[in-house]
> 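My questions all concern the structure below.
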Amino acid sequence: MTEVAADTREHDAARQRLGQHLVDEGAVGRRQLRQRPGKIGRDGELGRDETGELVFQRLGIEGLPGHLDRVLTRLQREIVTTQFESIAHERRPCACCGVMPSIKDYQRMRFRSLFGDVELRVPRYTKCGCTDAGTGQRKPQRRWVSAELECVQSELAASLSYEHTAQVLRRLLPIGRGHSDSTVRARTLRVGQRLEAELTATNTPSAHASSVTTIGLDGGYVRHCDAELGHNFEIIAGRVLAEDGLQRSVGFVRSVDEHSRTRVQHAVAALGGADKDLRVFTDRDGALRDLQLSVLPEATHVLDWYHLTRRLTVLASVINGKEAAEKLPARDQDRLSEWMDSAKWRLWHGRAAGAITRLQSMLVVMARHSVLGEAVVKRLTKLTTELLRYLQNNADSIPDYARRYRAGERISTSFVESAVNQIIDKRMSKSQQMRWSPQGAHLLLQVRTSVLDGRLREDFARWYPGFAANESALQECA
């Protein structure tokens, strides 16, 4: 009973202090504070809507228009100032000898957080006279930004444009000042630089019990901010899938990233390492194939069925088209169509050599003098030659698609196309037509992939002990 009474007295005292503070700020009158709990005042809290129904108009702290900013600013100033004075007092003694140095002067610093800015008087101390003072003296803090503000800005900027992120912060946060698009961009890219620096600085082993079974890599293009240096530049996006269903996203700009191999290796290691039956899916891009061979030489490369059948469909549509029916003899057109179907069937069953033989026979038919010079024949010859070269260069990457399909295994890079759409197009290309610098796009990709995987708050919790690494809803809307 004694503890309950003490808690009640402390709670009443806190209510009295808050009430006195609201009166001093002019937010409420003394008469309002003396009203009984649950009683509706006479200054507009209860009103009627268009239908005549009773509604609450001013209930809670939102019912103090014009004074909310002042109340929150005063409250945060008191809390931050008290916390800073306590920290400054703890850090004042010399780290080497423990002597309390004298204060030389004070500096004005601005601390920025989700609830606005706070002006702080930061003391500067005289140099200690001990011999180890040069190594033990702490350097002054350069960036006075709360970790929560930096994390929220980075999470939003990974999904929205910098300008829209600044607008959202100004509308939603109680103290909506100091959120310009240039500030949001600078802080987001700074987070990307820190993530990029950790890639080569640390090699943390993973405790994940599963293993990686599938990797998919593909490319996409975004507009270059400097037209003289190029109209577009390529971004590589991919996804690493583990046996237990977990996944990891990868994104980098090929022209500026010097650690693409390390990036893929870290993604694989984070999910438990490579499985003995690891499959790597690409669209036959030579650079991606070289990346796979250098990072995971033991993995099996699989040519994407979607990109392969797209070439077959284009060639078949020309063979069976109206122009081919008019310019080619019926017997030659039927033979080409039959060989085309035969080549596709053999590719579906993993018989690349038989498909290559059929395409070579088609080139022999189209080389006859009777049909030379026709535009449709020139186009057919070009498409067939390109497809033949494509198959010859990737013959060792063509599996038995039919067997894999019946076994429920992957045969295409649809999951990689989804990753490209989610990592690149949704933020940089489709919904927001903007131009990028390769370096800026690369750093933003590191933040975006971290948000998509739900790792950004865990990174902040590692950087700033005590940071709440709760699950963010922004991962779902990214």
> Hey, is the main chain of Asp226 close enough, under 3.5 Å, to the side chain of His224 for a donor-acceptor pair?
yes

> Flag the pair Ser450 / Asp459 as yes when at least one side-chain heavy-atom distance between them is below 4.5 Å, and no otherwise.
yes

> Would Arg239 and Gln422 count as having a side-chain donor-acceptor pair, cut-off 3.5 Å?
yes

> Provide the closest heavy-atom pair for Val191 versus Ser154 in the form atom of the first, atom of the second, distance.
CG2-OG, 3.3 Å

> Looking at every heavy atom in both Ala343 and Ala355, which two are closest together, and how far apart are they?
O-CB, 3.7 Å

> Under a 3.5 Å distance rule, please check whether Asp453 uses its side chain to pair with a backbone N or O of Ser249 as donor and acceptor.
yes

> Run the numbers on Asn421 and Ile424 for side-chain contact (heavy atoms from CB on, under 4.5 Å), then give the verdict.
CA-CA 6 Å; Asn421 181 68; Ile424 304 176; over 6 Å; no

> Phe460 and Ala147: which non-hydrogen atoms are nearest, and at how many Å?
CE2-O, 3.6 Å

> Taking 4.0 angstrom as the limit, do Arg110 and Glu119 come out as a salt bridge?
yes

> Has Arg462 got more than 12 heavy atoms of other residues, nucleotides or ligands less than 6.0 Å from its CZ?
yes

> Quick one: are Trp144 and Val122 in side-chain contact, heavy atoms under 4.5 Å?
yes

> Given 3.5 Å as the limit, does a donor-acceptor pair link the side chain of Arg448 with the main chain of Ile423, or not?
yes

> To the nearest 0.5 Å, what is the distance between CE (Met109) and CD (Gln107)?
4.0 Å

> Any donor and acceptor pair, going by atom type alone, linking the side chain of Arg427 with main-chain N or O of Ala157 inside 3.5 Å?
yes

> Do we see a donor-acceptor contact under 3.5 Å between the side chains of Glu196 and His442?
yes

> Is the shortest heavy-atom distance from the side chain of Arg455 to the side chain of Thr449 under 4.5 Å?
yes

> Donor-acceptor pair, Asn320 side chain versus Ala316 backbone, under 3.5 Å?
yes

> In Å, rounded to the nearest 0.5 Å, how long is the span from CZ of Arg346 to CD1 of Ile398?
13.5 Å

> Any salt bridge between Arg457 and Glu155, counting N to O under 4.0 Å?
yes

> Looking at Ser211 and Asp275, would you say the former's side chain and the latter's main chain have a donor-acceptor pair under 3.5 Å?
no

> With the side chain counted from C-beta on, respond yes when Val212 and Leu278 share a heavy-atom pair under 4.5 Å apart, and no when they do not.
yes

> Taking all atoms of both residues into account, what is the closest heavy-atom pair of Ser180 and Ala166, and its distance?
C-CB, 3.8 Å

> Backbone N or O of Ala353 within a donor-acceptor pair of the Thr357 side chain at under 3.5 Å?
yes

> Does a side-chain heavy-atom distance below 4.5 Å link Leu315 with Met340?
yes

> Mind listing the closest non-hydrogen atom pair of Ile236 and Gly219 along with its distance?
CD1-CA, 4.0 Å

> Quiz question: by atom type and distance under 3.5 Å, do the side chains of Trp463 and Glu150 form a donor-acceptor pair?
no

> With side-chain contact (heavy atoms from CB on, under 4.5 Å) as the criterion, how do His307 and Tyr390 come out once you've worked through the C-alpha distance, each side chain's angles and the decisive distance to 0.1 Å?
CA-CA 11 Å; His307 289 87; Tyr390 181 83; 4.2 Å; yes

> Check whether any side-chain N or O of Thr384 sits under 3.5 Å from a backbone N or O of Leu380 as a donor-acceptor pair, and report yes or no.
yes

> Report the distance from atom OG of Ser146 to atom CD of Gln153, rounding to the nearest 0.5 Å.
8.5 Å

> Taking the side chain as every heavy atom from C-beta outward, state whether Gln392 and Ile356 have any atom pair closer than 4.5 Å.
yes

> Do Leu312 and Leu387 have side chains that approach each other closer than 4.5 Å (heavy atoms only, starting at C-beta)?
yes

> Write down the atom of Leu347, the atom of Ala352, and the distance for their closest heavy-atom approach.
CD2-CA, 4.2 Å

> If you round to the nearest 0.5 Å, how far is OG of Ser437 from CG of Leu189?
7.5 Å

> Could you grab the distance from atom CG of Asp304 to atom CG of Asn394, nearest 0.5 Å is fine?
11.0 Å

> Please determine whether side-chain hydrogen bond (donor to acceptor under 3.5 Å, both in side chains) holds for the pair Thr183 and Arg187, giving the CA-CA distance in whole Å, both sets of side-chain angles, and the decisive distance to 0.1 Å.
CA-CA 6 Å; Thr183 300; Arg187 291 176 182 167; 5.6 Å; no

> Walk me through it: do Glu234 and Val253 pass the test side-chain contact (heavy atoms from CB on, under 4.5 Å)?
CA-CA 6 Å; Glu234 187 179 15; Val253 177; over 6 Å; no

> Under the 3.5 angstrom rule, does the side chain of Gln333 hit a backbone N or O of Ile319 as a donor-acceptor pair?
yes

> Quick one about Thr385 and Arg389 (side-chain donor to acceptor, distance below 3.5 Å, no hydrogens or angles considered), yes or no?
no

> Measuring from Phe252:CZ to Leu199:CG, what's the distance to the nearest 0.5 Å?
11.0 Å

> Please lay out, stage by stage, how Asp332 and Met366 fare under the test side-chain contact (heavy atoms from CB on, under 4.5 Å).
CA-CA 9 Å; Asp332 291 342; Met366 287 181 283; over 6 Å; no

> Would you call Leu363 and Thr381 a side-chain contact if the rule is heavy atoms closer than 4.5 Å?
yes

> Give me each pair satisfying salt bridge (Lys or Arg N to Asp or Glu O under 4.0 Å) with a member in residues 391-410, each pair once, sequence neighbours excluded.
Arg289-Asp396, Arg404-Glu409

> For Thr214 and Arg279, which I'm curious about, is there any donor-acceptor pair between the side chains at under 3.5 Å?
no

> Under a 3.5 Å threshold, yes or no: a donor from one side chain and an acceptor from the other, between Asp277 and Thr213?
no

> Which class fits the ring pair Tyr401 and Trp305: parallel under 30°, tilted 30 to 60°, perpendicular over 60°?
tilted

> Do you see a donor-acceptor pair shorter than 3.5 Å between the side chains of Gln446 and Arg263?
yes

> Would you confirm whether Ser260, through its side chain, and Asp257, through its main-chain N or O, come within 3.5 Å as a donor-acceptor pair?
no

> Near Tyr306 OH, under 6.0 Å, is it more than 12 heavy atoms from other residues, nucleotides or ligands?
no

